Amino acid sequence: MKVVLLAGGFGTRISEESQFKPKPMVDLGGMPILWHIMKLYSHYGFNDFVICAGYKQHVIKEYFADYFLHTSDVTYDFTNGKNEMTIHRNVSEPWRVTVVDTGLDTMTGGRVKRVRDYIGNAPFMLTYGDGVSDLNLAELLRFHQSHRKMVTISAYNAGQRFGILDIAEDGGVKEFREKTQGDGNMINIGFMVCEPEFLNYIGGDDTILERTPLETAAQMGQLTAYKHEGFWQCMDTVREKHALEKLWAAGQAPWKVWD
C-alpha cells in the first residue's frame with residue numbers, strides 16, 4: 001500500500017527553520033521529521049512513499065538522491081588514477097520514494113490530486129509531514145477495512161493549551177482551573193486511509209483537503225475516525241521542535257517504535 005506524504009507547504013509558523021528548507025525537512029535529532037514519519041510507516045511494513053513536494057522541493061529530492069550514500073560505509077580509491085567507489089556496509093531502509101513537485105501554491109487537496117497517477121487505483125495511506133506519533137498503523141488499517149468507509153482519519157484529543165474559566169452571564173468567574181485532557185476536542189491528526197474513489201471528490205489546485213473533500217465524505221456517511229489515545233505532536237513552532245528534541249535526546253521519544 002502506498003503512503004502519500006504532504007510536504008509542500010511553506011511552514012510559516014516555524015519560519016526560523018523553514019526559510020532554508022521545507023518544514024518536513026527540519027531536523028529532529030539529526031534527521032528530518034519526514035524521516036521519523038517514514039520510519040513509523042516502515043516499522044509496520046509500509047515502504048512505498050509518494051511525497052507531495054512544493055516549497056523548496058529540490059531539498060527533498062537532493063536528500064533522497066544522496067540518502068544511500070549517506071547511510072553507507074564507503075571507500076574512495078584514487079590510487080590507479082581512477083575514481084573508484086566501494087560500498088562496504090549500508091543501513092538504508094527498503095524504501096521506494098517518489099518525490100513529486102505538486103506546485104508552490106497548491107492546497108493540500110490539490111497536492112493529493114496531482115499525485116493520482118502515482119497512487120493508482122488502490123487504497124492508500126495519507127498523512128501530513130510535520131507530526132510524529134506512536135499510532136499503531138496496523139490497527140488503523142484493520143479499523144478502516146472493518147468499517148468499509150471511503151476515508152478513515154485518525155482523531156486525537158489534543159487538550160486545551162490554557163487554563164479553564166467558567167464565566168457567568170454577568171462576567172463573574174465561577175471557577176478557574178487548570179486544563180485537563182478531557183477539555184479538548186478531538187482533532188484530525190492525519191494518518192488517514194483512503195479508498196481510491198476519494199480522489200474523485202478533490203477538485204483542482206485550490207482544493208483544501210480538510211474542507212470540501214472530507215466534509216463531503218462526512219455528509220455521505222463515508223468518513224470514520226480512528227481514536228488514537230497514545231502520543232502525537234506536530235512541529236509547528238520552534239518551541240514544539242525543542243520539546244521533541246528534548247524527548248529524543250533523552251531516549252524518551254514515544255514515536256520511536258522501531259529498533
Side-chain angles (χ1 to χ4, degrees), residues 1-8 24 34-54 60 64 93-100 102 106-156 186-205 207-230 232 255 257-258:
M1 180 177 286
K2 292 183 184 293
V3 180
V4 178
L5 301 169
L6 289 165
L34 184 66
W35 177 89
H36 291 260
I37 297 167
M38 294 170 70
K39 287 287 285 186
L40 174 66
Y41 278 97
S42 187
H43 175 73
Y44 289 100
F46 303 104
N47 293 302
D48 195 348
F49 299 96
V50 179
I51 300 178
C52 302
I60 301 176
F64 286 106
E93 294 78 4
W95 292 347
R96 184 175 188 269
V97 183
T98 302
V99 184
V100 184
T102 57
T106 308
M107 297 291 102
T108 48
R111 294 191 188 282
V112 177
K113 190 64 171 282
R114 282 208 187 191
V115 300
R116 184 171 196 165
D117 290 344
Y118 299 96
I119 296 172
N121 190 31
F124 61 96
M125 290 192 166
L126 169 65
T127 198
Y128 306 106
D130 61 357
V132 288
S133 178
D134 61 354
L135 189 145
N136 188 314
L137 294 167
E139 289 185 1
L140 170 66
L141 182 57
R142 285 194 292 269
F143 178 89
H144 173 78
Q145 293 171 336
S146 68
H147 285 76
R148 298 182 180 181
K149 301 295 185 180
M150 187 166 61
V151 182
T152 296
I153 62 174
S154 294
Y156 182 73
M186 302 295 287
I187 63 170
N188 169 29
I189 59 171
F191 298 102
M192 311 175 210
V193 186
C194 308
E195 296 299 314
E197 56 265 30
F198 178 58
L199 295 170
N200 297 330
Y201 297 91
I202 301 176
D205 287 355
T207 302
I208 300 173
L209 179 71
E210 300 78 11
R211 297 297 297 274
T212 300
L214 287 177
E215 289 173 356
T216 300
Q219 292 165 3
M220 295 170 59
Q222 288 296 317
L223 179 65
T224 188
Y226 173 82
K227 294 182 180 180
H228 174 56
E229 297 180 351
W232 171 83
W255 68 90
V257 299
W258 59 88

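Note that the structure is predicted; figures quoted are calculated from it, not measured.
- Residues Y118 and I51 are not in side-chain contact: their nearest non-hydrogen atoms beyond the backbone lie 4.5 Å or more apart.
- Rounding to the nearest 0.5 Å places OG1 of T152 at 13.5 Å from CZ of R142.
- By the salt bridge (Lys or Arg N to Asp or Glu O under 4.0 Å) test, E210 is found to be paired with no residue, residues two or more places apart in sequence or in another chain being considered.
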TODO: Run the numbers on N200 and R116 for side-chain hydrogen bond (donor to acceptor under 3.5 Å, both in side chains), then give the verdict.
DONE: CA-CA 10 Å; N200 297 330; R116 184 171 196 165; 2.6 Å; yes

- [ ] Using the side-chain hydrogen bond (donor to acceptor under 3.5 Å, both in side chains) rule, take S42 and W258 through it: C-alpha gap first, then chi angles, then the decisive distance, then the call.
- [x] CA-CA 9 Å; S42 187; W258 59 88; over 6 Å; no

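- Applying the ring pair (Phe, Tyr, Trp, His ring centres under 6.0 Å) test to Y128 and every residue at least two apart in sequence or in another chain returns nothing.
- Ion pairing of D205 with R114 is present here, as a side-chain N (NZ or NE/NH1/NH2) and a carboxylate O approach within less than 4.0 Å.
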- [ ] For the pair D134 and H228, evaluate side-chain hydrogen bond (donor to acceptor under 3.5 Å, both in side chains) and give the outcome as yes or no after the intermediate values.
- [x] CA-CA 9 Å; D134 61 354; H228 174 56; 3.0 Å; yes

Name each donor-acceptor pair under 3.5 Å that joins a side chain in residues 212-223 to protein atoms two or more places apart or in another chain, with its distance.
residue, atom, partner, partner atom, Å
E215, OE2, R211, NE, 3.4
T216, OG1, T212, O, 2.6
Q222, OE1, M150, N, 3.0

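- At least one side-chain heavy atom of M38 sits less than 4.5 Å from a side-chain heavy atom of V97.
- Around atom CZ of F143, more than 12 heavy atoms belonging to other residues, nucleotides or ligands sit under 6.0 Å away.
- Checked by atom type and distance alone, the side chain of H144 never pairs as donor or acceptor with a backbone atom of L140 at under 3.5 Å.
- Side-chain contact between L40 and L137 is present, with at least one heavy-atom pair separated by less than 4.5 Å.
- Of the possible donor and acceptor atoms, one in the side chain of T106 sits under 3.5 Å from a partner among the backbone N and O of T102.
- Applying the side chain to side chain contact (heavy atoms under 4.5 Å, CB included) test between Y226 and each of I153, L135, V193 identifies L135 as the sole match.
- A distance of 12.0 Å separates CZ of F49 from CZ of R96, quoted to the nearest 0.5 Å.
- In terms of modelled atom types and a separation under 3.5 Å, the side chain of K2 and the main chain of D48 share no donor-acceptor contact.
- By the 6.0 Å contact criterion, OH on Y201 is open, its count of non-hydrogen atoms from other residues, nucleotides or ligands being 12 or less.
- M192 is not listed as a side-chain neighbour of M125, based on a closest heavy-atom distance of 4.5 Å or more.
- Counting all heavy atoms, side chain and backbone alike, F124 lies closest to P196 at CE2-CA, 4.4 Å.
- Between the side chain of R111 and the backbone N or O of G8, at least one donor-acceptor pair lies under 3.5 Å.
- Although no hydrogens or angles enter the test, the distance criterion places a donor-acceptor pair under 3.5 Å between the side chain of S154 and the main chain of F191.
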